[in-house]
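Worksheet: one structure, shown below.
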Amino acid sequence: MIEPITLLLASLIIFCGALTQSLIGFGLAVVASPLLYIIDPSLVPAPVIMMGFSIALLTLFRERGQLEFNGLQYALLGRIPGGIIGATLIIITPQPILGLAIAGIVALAVGLSLMKFSIPVNRFSLFIAGVLSGVFGNIAAIGGPPLAILLSGKDAGQFRAALSAFFIFSSMIALIILAFAGLLTLEHFYISLMLLPSVILGYLVAGRLVGRVDKQKTRSLTLALCAVSALVLTIKSIIELA
């Protein structure tokens, strides 16, 4: 069972991640996964995926009037082979290597978020984004960046709604694949229930802050935090390998 101090730290991390995602559209897993993996590797990916599902459900309820689901089915289709690849890598890869992989995915997400891409949104690009999302999501619960980059040209409300819809369905796909791979247990559900209040609190606080905070500064601060946590996780994993 999870230690009380670990639960307290995990709750704080999940709160920060939920707050970030509620404000800018994605970020719970990018913020939470590397930090949670440092304090307890068993918290990644299943509990983070469940928390991502919860915040996506809340966000979609708020932004439901902005939802346009055109083409997202192709991204969801890509999540299936990508998720199978990700789950396979978890099974065959030693823990320190997985730590390095998660740090690398976070660093890649940060780097891509800083760049401006203009990629045509079509069936093929949505499918490829879905495959990458599946690989990243089942290794590190970080499935958002590939699709976020592809849909970055949308209006902010449409962006949050589209990503939330994608996260809801893709999280279910990811959890089914993890269950078949034997990587989802009852303990993960118990831990997720204990962390759920932090998600709800982050969502509610974000609702109070929307319109009052500079989203660009929030995004920059989030990316800086992610870069630092990825570096710390890299160092920890290298030490374990040595």
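On a predicted model such as this, the values are computed, not experimentally measured, just so you know.
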message: If you apply the rule side chain to side chain contact (heavy atoms under 4.5 Å, CB included), what do you find for F189 with L193, and how did you get there?
response: CA-CA 6 Å; F189 285 98; L193 283 174; 5.7 Å; no
field: side chain to side chain contact (heavy atoms under 4.5 Å, CB included) assessment of I5 paired with I39
entry: CA-CA 10 Å; I5 186 66; I39 64 172; over 6 Å; no
task: Might you work through the side chain to side chain contact (heavy atoms under 4.5 Å, CB included) test for I2 and Y190, ending with a clear yes or no?
output: CA-CA 10 Å; I2 189 170; Y190 296 145; over 6 Å; no
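Under a 3.5 Å cut-off, the side chain of R62 and the backbone N or O of S22 do form a donor-acceptor pair. Looking at Q73, its side chain does come within 3.5 Å of a backbone N or O of G71 through a donor-acceptor pair. For the pair Q21 (side chain) and L28 (backbone), a donor-acceptor distance under 3.5 Å is present. At distances below 3.5 Å, not a single donor-acceptor pair connects side-chain atoms of S237 with backbone N or O atoms of T234. Formation of a donor-acceptor pair under 3.5 Å by the S33 side chain with backbone atoms of A140 is found in this model.
Residues passing the side-chain contact (heavy atoms from CB on, under 4.5 Å) test with L231, sequence neighbours excluded: I235.
Under a cut-off of 6.0 angstrom, the local environment of CD in E240 is crowded, with over 12 non-hydrogen atoms contributed by other residues, nucleotides or ligands.
Rounding to the nearest 0.5 angstrom, the gap separating the CG atom in L43 from the CG atom in L35 is 11.5 Å. One distance of note links CG of L183 with CG of N138; it measures 8.5 Å at 0.5 Å rounding. Here CE of M194 is found 12.5 Å from CG of L8. Values are rounded to the nearest 0.5 Å. In this structure, CG in L241 is found 10.5 Å from CD in Q95, a value given to the nearest 0.5 Å. I55 contributes atom CD1, which lies 11.0 Å from atom CZ of F167 (distance to the nearest 0.5 angstrom). A distance of 11.0 Å separates CG of L60 from CD of Q66, quoted to the nearest 0.5 Å.
Annotation: side chain of P45 is in contact with side chain of I90 (closest heavy-atom distance under 4.5 Å). Side chains of M50 and L184 form a contact here, defined as non-hydrogen atoms less than 4.5 Å apart. Under the 4.5 Å side-chain criterion, counting only non-hydrogen atoms from C-beta, R79 is in contact with F166. In this structure the side chain of L147 never reaches within 4.5 angstrom of the side chain of S133, judged on heavy atoms.
Here the options are L175, L76, L72, I49, the test is side chain to side chain contact (heavy atoms under 4.5 Å, CB included), and the partner is S170; only L76 passes.
In terms of hydrophobic clustering, with Ile, Leu, Val, Met, Phe, Trp and Tyr side chains grouped at heavy-atom distances under 4.5 Å, V232 and I105 are assigned to a common cluster. By the criterion of side-chain heavy atoms lying less than 4.5 angstrom apart, applied directly or through intervening Ile, Leu, Val, Met, Phe, Trp or Tyr residues, Y203 is grouped together with V48 in one hydrophobic cluster.
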